[in-house]
Chemist: 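The structure is given below, and queries will be raised subsequently.
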Amino acid sequence: MFLVCLFDFADRAVFAVLAQPIKEELLITDFQIGLLQGLAFALLYSGLGLPIARIAERRSRKNIIAICTAIWSAATTWCGFATGFVSLALGRIGVGMGEAGFLPAVNSMVGDQVQKNRRASVMALIMLGTPAGILTGSLVGGYVASIASWREGFFALGIPGLLTALAVWFFIREPSRGLADGAKPERKPPPDFKAFLATLKQKRALVFVILGGSTAGFGMTSISQFLAVFLARVHDLSISEAATYYGLISATFLTLGLLVGSFGTDFLAKRDARWPAWGAAIGLLIAPFVYFAAFQAESLMLATVLLIVAGTMLLLFYAPTSGMIQNLLPPRMRATGIACFTLLYTLFGSGMGPAFVGFVSDRMSARAYDGEFFADCPGGVAPDNASAALQSACEAASANGMQDALLVAVCIFFVASFFYWMASRTLREDSFEAAE
């Protein structure tokens, strides 16, 4: 499952680090890049997550994961053949369609195999595939693009993913439902969706956890999908250099945030069950202030350090969120609960976040440019035969627009922090054991 998670996020990261050369070759705007990284990916990802989760309550979850891994890996390979915005969007839609099945199914399997006080920690170990995947996607994609083209970068990540799908199909075993909770195997069908909604209505903590994670996802995805572009524009890095910094920064803060957020809150939860929500709220409250400093730092080294610190604070919410959703629901509702979280997280966070940043970046770039930005700077850069002054003006405006857009996007973390604080107020009494 760690390896599946690695390719899940490697296939997302490779687009993020190749966004700048894709934009320049295909002559598209930041808003279109945002749509490709956001809505094109999120539409089927969010729309299929819940139906696949309902299937996962009844059918083999490891087979679902294997099939979905094969689909998103094939779609990643397709992106390498894209000739324009529409064909690239089709590939991104395919990636979202495949990746929709991973989180609900793997969370459900972990809930059946692992005791309550270790679920966040075990999920964190699996989700370490996130930094490993982002680092792999960044370094491999950036390196391959530097010696060949951005198209080969997609091929280099898509094909190994297909081999991983075969490994899941043949080597992973399916656990029995409710094993870790001591539940006896059931032959009756799982609770229907109406029953899940009734449970959701009764548990205010669950509602606020899902809202908090989804809101945090807006800012987190906005940053992750445009961080390599930010580094390239604002700190004047080449594509391979920006990819390397993006990968190392993301891998470091994701690893630290996942481990501290999961093992730390699992440990503190032994003293007070509200710590998973408190930890998420504290991290999300601190993160924006550090991001404000990071995005305005003139030194690349200082910006790198601040981005790692800010990302670590931000990621304190991620693993505890999965653990809290599992602990608040009975075994045969957990895949559905994760899918509802994923639906909002993806549609609002992954879908709207990058599109919002791209839209604001285009507007801010045009505002910072003295003239017709979109006419003079197609693809955000001046034409090859343009004067040095025009090239410099286009680059400065593009950098300013991206910087301002990210500064606006991180303000959403204050709202997410409030939601987790609200969740902490009823987290203990809403837990699955308390309900039983």
Chemist: Who passes salt bridge (Lys or Arg N to Asp or Glu O under 4.0 Å) against Arg233, sequence neighbours left out?
Modeler: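 So Arg233 forms a salt bridge (Lys or Arg N to Asp or Glu O under 4.0 Å) with Asp30.
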
Chemist: Just wondering, do Leu329 and Phe196 contact through their side chains at under 4.5 Å, heavy atoms?
Modeler: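 Yes, at least one pair of side-chain atoms sits under 4.5 Å.
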
Chemist: Please, which pairs that meet ring pair (Phe, Tyr, Trp, His ring centres under 6.0 Å) have at least one residue in residues 361-398, sequence neighbours excluded?
Modeler: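 The answer is Tyr369-Phe373.
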
Chemist: Any side-chain heavy atom of Phe218 sitting closer than 4.5 Å to one from Val415?
Modeler: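 No - every pair of side-chain heavy atoms lies 4.5 Å or more apart.
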
Chemist: For side chain to side chain contact (heavy atoms under 4.5 Å, CB included), just list the numbers for Gln32 and Lys23, CA-CA rounded to whole Å, side-chain angles, deciding distance to a tenth of an Å, and then say yes or no.
Modeler: CA-CA 9 Å; Gln32 288 176 306; Lys23 174 182 178 176; over 6 Å; no

Chemist: Give me the atom names and distance for the closest heavy-atom approach of Ile134 to Ser250.
Modeler: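 Reported closest heavy-atom pair: CG2-CB, 3.5 Å.
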
Chemist: What do the steps show when you test Ile282 against Leu316 for side chain to side chain contact (heavy atoms under 4.5 Å, CB included), and what is the final call?
Modeler: CA-CA 8 Å; Ile282 292 169; Leu316 294 182; 5.8 Å; no

Chemist: Thr255: which residues meet the side chain to side chain donor-acceptor pair (under 3.5 Å) condition with it, sequence neighbours left out?
Modeler: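 So Thr255 forms no side chain to side chain donor-acceptor pair (under 3.5 Å) with any residue.
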
Chemist: Working to the nearest 0.5 Å, report the span between CG of Leu307 and CG of Leu231.
Modeler: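 The CG atom of Leu307 sits 6.5 Å away from the CG atom of Leu231.
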
Chemist: Please tabulate, for side-chain N and O atoms in residues 65-72, each donor-acceptor pair with protein atoms closer than 3.5 Å (sequence neighbours left out).
Modeler:
residue	atom	partner	partner atom	Å
Thr69	OG1	Ile65	O	2.7
Trp72	NE1	Asp11	OD2	3.1

Chemist: Considering all heavy atoms of both residues, which atom of Thr199 and which atom of Met333 are nearest to each other, and what is their separation?
Modeler: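 Heavy atoms of Thr199 and Met333 come nearest at OG1-CE, 3.5 Å.
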
Chemist: Please report the shortest heavy-atom distance between Ala205 and Thr426, naming the atom on each side.
Modeler: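 Nearest pair, atom of Ala205 first, then Thr426: N-OG1, 3.3 Å.
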
Chemist: In Å, rounded to the nearest 0.5 Å, how long is the span from NZ of Lys62 to CE of Met1?
Modeler: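 Answer for the NZ-CE pair, Lys62 versus Met1, is 9.5 Å.
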
Chemist: Could you check whether any side-chain N or O of Tyr246 sits under 3.5 Å from a backbone N or O of Ser224, counting only pairs where one atom can act as donor and the other as acceptor?
Modeler: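 At least one qualifying donor-acceptor pair exists.
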
Chemist: Could you tell me which residues satisfy ring-ring contact (aromatic ring centres under 6.0 Å, His included) with Trp278, sequence neighbours excluded, listed by chain and number?
Modeler: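 ring-ring contact (aromatic ring centres under 6.0 Å, His included) list for Trp278, sorted by chain: Trp275.
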
Chemist: Mind checking the CZ-CD1 spacing from Arg61 to Ile172? Nearest 0.5 Å is all I need.
Modeler: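 Separation between the atoms: 12.5 Å.
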
Chemist: My understanding is that only one of Leu248, Leu254, Leu6 makes a side chain to side chain contact (heavy atoms under 4.5 Å, CB included) with Pro131; could you say which?
Modeler: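 The passing option is Leu254.
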
Chemist: Does Glu24 have any salt bridge (Lys or Arg N to Asp or Glu O under 4.0 Å) partners at least two apart in sequence or in another chain, and if so, which?
Modeler: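 Residues passing salt bridge (Lys or Arg N to Asp or Glu O under 4.0 Å) with Glu24: none at all.
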
Chemist: Within the distance-only criterion (no hydrogens, no angle test), does the side chain of Thr321 pair as donor or acceptor with the backbone N or O of Phe317 below 3.5 angstrom?
Modeler: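 Side chain of Thr321 to backbone of Phe317: a pair is present.
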
Chemist: Who passes disulfide bond (SG atoms under 2.5 Å apart) against Cys377, sequence neighbours left out?
Modeler: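 In terms of disulfide bond (SG atoms under 2.5 Å apart), with neighbours along the sequence ignored, Cys377 is linked to Cys394.
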
Chemist: Can you give me every donor-acceptor pair (side chain of residues 400-407, partner residue at least two apart or in another chain, under 3.5 Å) with its distance?
Modeler:
residue	atom	partner	partner atom	Å
Asn400	ND2	Asp404	OD2	3.2
Gln403	NE2	Phe295	O	2.7

Chemist: Counting C-beta onward and ignoring hydrogens, is there a side-chain heavy-atom pair between Tyr291 and Cys411 closer than 4.5 Å?
Modeler: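 A side-chain contact under 4.5 Å is absent here.
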
Chemist: Report all side-chain donor-acceptor pairs from residues 150-159 shorter than 3.5 Å, counting only partners two or more places apart or in another chain.
Modeler:
residue	atom	partner	partner atom	Å
Trp150	NE1	Glu25	OE1	2.7
Arg151	NH1	Gly80	O	3.2
Arg151	NH1	Ala82	O	2.3
Arg151	NH2	Glu25	OE2	3.2
Arg151	NH2	Ala82	O	3.0
Glu152	OE1	Ser149	N	3.3
Glu152	OE1	Ser149	OG	2.4

Chemist: Just how far is it from atom CG of Leu125 to atom CE of Met123, taken to the nearest 0.5 Å?
Modeler: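 So the CG of Leu125 and the CE of Met123 are separated by 10.0 Å.
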
Chemist: Between atom CG of Leu237 and atom CZ of Phe230, what is the distance when rounded to the nearest 0.5 Å?
Modeler: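 Between Leu237 CG and Phe230 CZ, I get 10.0 Å after rounding to 0.5 Å.
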
Chemist: Over all heavy atoms of both residues, which pair between Ala319 and Ser262 is shortest? Give the atoms and the distance, please.
Modeler: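 Ala319 and Ser262 have their closest heavy atoms at CB-CB, 3.6 Å.
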
Chemist: Checking Ser392 side chain against Ala388 main chain: does a donor-acceptor pair fall under 3.5 Å?
Modeler: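 No, because the side chain of Ser392 does not come within donor-acceptor range (under 3.5 Å) of the backbone of Ala388.
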
Chemist: Main chain of Val95, side chain of Trp78: is a donor-acceptor contact present, judged purely on distance under 3.5 Å?
Modeler: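 No; judged by distance alone, with no hydrogens or angles, the pair does not exist.
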
Chemist: For residues Gly141 and Leu18, report the shortest heavy-atom separation together with the two atoms involved.
Modeler: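 The answer is O-CD2, 3.7 Å.
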
Chemist: For side chain to side chain contact (heavy atoms under 4.5 Å, CB included), just list the numbers for Leu259 and Leu128, CA-CA rounded to whole Å, side-chain angles, deciding distance to a tenth of an Å, and then say yes or no.
Modeler: CA-CA 8 Å; Leu259 291 177; Leu128 284 177; 4.1 Å; yes

Chemist: Could you tell me whether the side chain of Leu315 reaches within less than 4.5 Å of the side chain of Met220, counting heavy atoms only?
Modeler: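 A side-chain contact under 4.5 Å exists here.
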
Chemist: Using the side-chain hydrogen bond (donor to acceptor under 3.5 Å, both in side chains) rule, collect all pairs that involve residues 130-144, keeping only residues at least two apart or in two chains.
Modeler: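 Matches after skipping sequence neighbours: none remain.
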
Chemist: Are any non-hydrogen side-chain atoms of Phe85 and Leu36 less than 4.5 angstrom apart?
Modeler: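 Phe85 vs Leu36: side chains touch.
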
Chemist: Looking only at heavy atoms, what is the nearest atom pair of Thr221 and Gly217, with distance?
Modeler: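 Taking Thr221 first and Gly217 second, the nearest heavy atoms are OG1-O, 2.7 Å.
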
Chemist: Within this structure, what is the CD1-CG distance for the pair Ile22 and Leu88, rounded to the nearest 0.5 Å?
Modeler: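 Answer rounded to 0.5 Å: 5.5 Å.
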
Chemist: What I'd like to find out is whether the side chain of Phe81 reaches to under 4.5 Å of the side chain of Ser87, using heavy atoms alone.
Modeler: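 With C-beta onward as the side chain, the pair stays apart.
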
Chemist: Any donor-acceptor pair under 3.5 Å linking the side chain of Ser222 with the backbone of Gly353?
Modeler: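 Checking the backbone N and O of Gly353 against the side chain of Ser222, a donor-acceptor pair under 3.5 Å is found.
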
Chemist: Are any side-chain N or O atoms of Gln391 and backbone N or O atoms of Ala386, one a donor and one an acceptor, separated by less than 3.5 Å?
Modeler: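 Yes, because the side chain of Gln391 sits within donor-acceptor range (under 3.5 Å) of the backbone of Ala386.
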
Chemist: Between the main-chain N or O of Ala273 and the side-chain N or O of Arg428, is there a donor-acceptor pair closer than 3.5 Å?
Modeler: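 No; zero donor-acceptor contacts below 3.5 Å.
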
Chemist: Which residue pairs satisfy the ring pair (Phe, Tyr, Trp, His ring centres under 6.0 Å) criterion with at least one member in residues 405-425, sequence neighbours excluded?
Modeler: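 For residues 405-425: Phe289-Phe414.
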
Chemist: Is the backbone of Leu328 close enough, under 3.5 Å, to the side chain of Lys203 for a donor and an acceptor to pair up by distance?
Modeler: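 Yes: the side chain of Lys203 pairs with the backbone of Leu328.
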
Chemist: Considering only residues two or more places apart or on different chains, which pairs with a residue in residues 393-412 satisfy ring pair (Phe, Tyr, Trp, His ring centres under 6.0 Å)?
Modeler: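 Qualifying pairs: none.
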
Chemist: Going by heavy atoms in the side chains, are Phe359 and Met352 under 4.5 Å from each other?
Modeler: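 Contact flag for Phe359/Met352 side chains = no.
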
Chemist: How about CZ on Phe2, more than 12 heavy atoms from neighbouring residues, nucleotides or ligands closer than 6.0 Å, or not?
Modeler: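 Atom CZ in Phe2 is packed in, count exceeds 12.
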
